[in-house]
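This report refers to the structure that appears directly beneath it.
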Amino acid sequence: MFYYSRYPSSTMLKIYFPDVKFNRCITSQLIKWFSNFREFYYIQMEKFARAALADGVTSAEELTVTRDSELFRALNVHYNKANDFQVPGRFLEVAELTLREFFCAVAAAKDVDPSWKKAIYKVICKLDSEVPESFRSPSCLWEITHL
DNA sequence: CCCCGCCCTG
DNA sequence: CAGGGCGGGG
């Protein structure tokens, strides 16, 4: 689901996990999961952006994210270990955009500001896509794929 | 107050 | 990932 939405609202989460009886703890736990997902995501982005800069890349346009990219593999082993489903192309676009945002920010030395990532977060949070209907209820999806 | 996102830590 | 703390927003 993270491949579609990096910032799902609590109501979204409840919609896509109908087989879960939510309470304060369960809800905040799921919220926490996505927060952790985002942290890993952004950390990878910053790491690869700085690496590109160190490697002499001068333009953000030189940076791309494909299914063959090291960055993509790093993310995929983290979110999609079993590699059991096709990552949407839109995610690659968002990832590439994020990578370039970090690259430009670091290249412009904006990272001197302690809160320089805030501006990037504000951009990325607007790039969420709609989650496919088939993602509702993991248990049902499991039945479909295993029967 | 509660909810939510981020930071930091383990 | 989970916990705890912090800050912003409703």
Side-chain angles (χ1 to χ4, degrees), chain A residues 1-54 57 60 63-146:
Chain A
M1 185 167 165
F2 183 79
Y3 284 120
Y4 293 91
S5 176
R6 269 61 59 187
Y7 290 82
S9 65
S10 60
T11 55
M12 273 302 148
L13 292 174
K14 292 176 181 177
I15 289 175
Y16 284 93
F17 293 96
D19 54 342
V20 176
K21 32 253 171 296
F22 285 91
N23 54 47
R24 271 193 211 77
C25 293
I26 303 294
T27 302
S28 48
Q29 192 224 29
L30 274 181
I31 295 294
K32 179 61 177 177
W33 279 14
F34 275 82
S35 179
N36 282 325
F37 291 163
R38 285 193 296 273
E39 287 191 19
F40 179 81
Y41 176 82
Y42 287 128
I43 287 173
Q44 298 307 308
M45 291 297 165
E46 180 178 0
K47 187 172 73 177
F48 278 80
R50 290 185 184 283
L53 213 48
V57 176
L63 299 176
T64 63
V65 176
T66 69
R67 299 173 196 283
D68 297 321
S69 301
E70 289 183 46
L71 174 55
F72 175 76
R73 285 203 294 273
L75 295 173
N76 210 44
V77 293
H78 191 75
Y79 306 123
N80 190 25
K81 283 188 174 65
N83 202 35
D84 49 9
F85 99 101
Q86 64 301 335
V87 177
R90 174 57 178 165
F91 176 78
L92 297 176
E93 299 177 8
V94 174
E96 187 172 290
L97 241 38
T98 309
L99 179 61
R100 292 180 175 180
E101 283 289 333
F102 271 94
F103 178 85
C104 292
V106 175
K110 292 182 179 177
D111 55 336
V112 294
D113 179 357
S115 60
W116 64 286
K117 298 178 183 177
K118 299 288 187 180
I120 298 177
Y121 298 159
K122 195 176 300 180
V123 172
I124 306 307
C125 74
K126 300 179 184 302
L127 304 180
D128 278 9
S129 305
E130 206 171 288
V131 181
E133 204 72 15
S134 62
F135 274 63
R136 296 195 185 193
S137 184
S139 59
C140 290
L141 184 60
W142 186 88
E143 291 176 10
I144 294 174
T145 56
H146 292 267

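All chains are named by letter (A, B, ...) in the order of the sequence lines, taking the proteins before the strands, and each is independently numbered beginning at 1.
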Which side-chain hydrogen bond (donor to acceptor under 3.5 Å, both in side chains) pairs, counting each pair once, include a residue from residues 94-113 of chain A, with sequence neighbours left out?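 The answer is A:Tyr41-A:Thr98, A:Arg50-A:Asp111, A:Glu96-A:Arg100, A:Asp113-A:Ser115.
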
Can you tell if the side chain of [X] reaches within under 4.5 Å of the side chain of [Y], non-hydrogen atoms only?
X: A:Phe135; Y: A:Phe85; answer: yes
X: A:Tyr79; Y: A:Val87; answer: no
X: A:Phe91; Y: A:Val65; answer: no
X: A:Glu46; Y: A:Lys117; answer: yes

Would you indicate what A:Phe37 reaches in the nucleic acid, counting non-hydrogen atoms under 4.0 angstrom: base, sugar-phosphate, or nothing?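 Sugar-phosphate contact only.
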
How would you label the contact of A:Ser10 with the nucleic acid (heavy atoms, under 4.0 Å): base, sugar-phosphate, or nothing? sugar-phosphate

Counting primed atoms plus P, OP1 and OP2 as sugar-phosphate and everything else as base, spell out the protein contacts along nucleotides 3-10 of chain C at 4.0 Å heavy-atom distance: B, S or - for each nucleotide, 5' to 3'. BB------

Quick check on the 6.0 Å ring-centre criterion: do A:Tyr42 and A:Tyr121 meet it? yes

Could you work out, with salt bridge (charged side-chain N to carboxylate O under 4.0 Å, His left out) as the rule, every residue matching A:Arg38, not counting sequence neighbours?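 In terms of salt bridge (charged side-chain N to carboxylate O under 4.0 Å, His left out), with neighbours along the sequence ignored, A:Arg38 is linked to no residue.
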
Tell me whether A:Glu70 is salt-bridged to A:Arg73, with the criterion being a basic N under 4.0 Å from an acidic carboxylate O.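 Looking at A:Arg73 together with A:Glu70, the answer is no, because their closest N to O distance does not fall below 4.0 Å.
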
Of all of residues 106-125 of chain A, which get a heavy atom below 4.0 angstrom from DNA chain B, listed by number? A:Lys118, A:Tyr121

Going by the rule side-chain hydrogen bond (donor to acceptor under 3.5 Å, both in side chains), which residues pair with A:Asp128 if we only count those two or more places apart in sequence or in a different chain?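 Only A:Ser5 meet the side-chain hydrogen bond (donor to acceptor under 3.5 Å, both in side chains) criterion with A:Asp128.
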
Opening and closing nucleotides of DNA chain B in contact with chain A, under 4.0 Å to non-hydrogen atoms: B:dC3 to B:dC8

Would you say that more than 12 heavy atoms from the other residues, nucleotides or ligands in this model lie under 6.0 Å from the CE of A:Met12, or not? no

Please report the distance, rounded to the nearest Å, between NE2 in A:His78 and P in C:dC1.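 Between P of C:dC1 and NE2 of A:His78: 6 Å.
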
Measure from CD1 on A:Ile31 to P on C:dC1 and round the result to the nearest Å.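 So the CD1-P distance, A:Ile31 to C:dC1, works out to 15 Å.
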
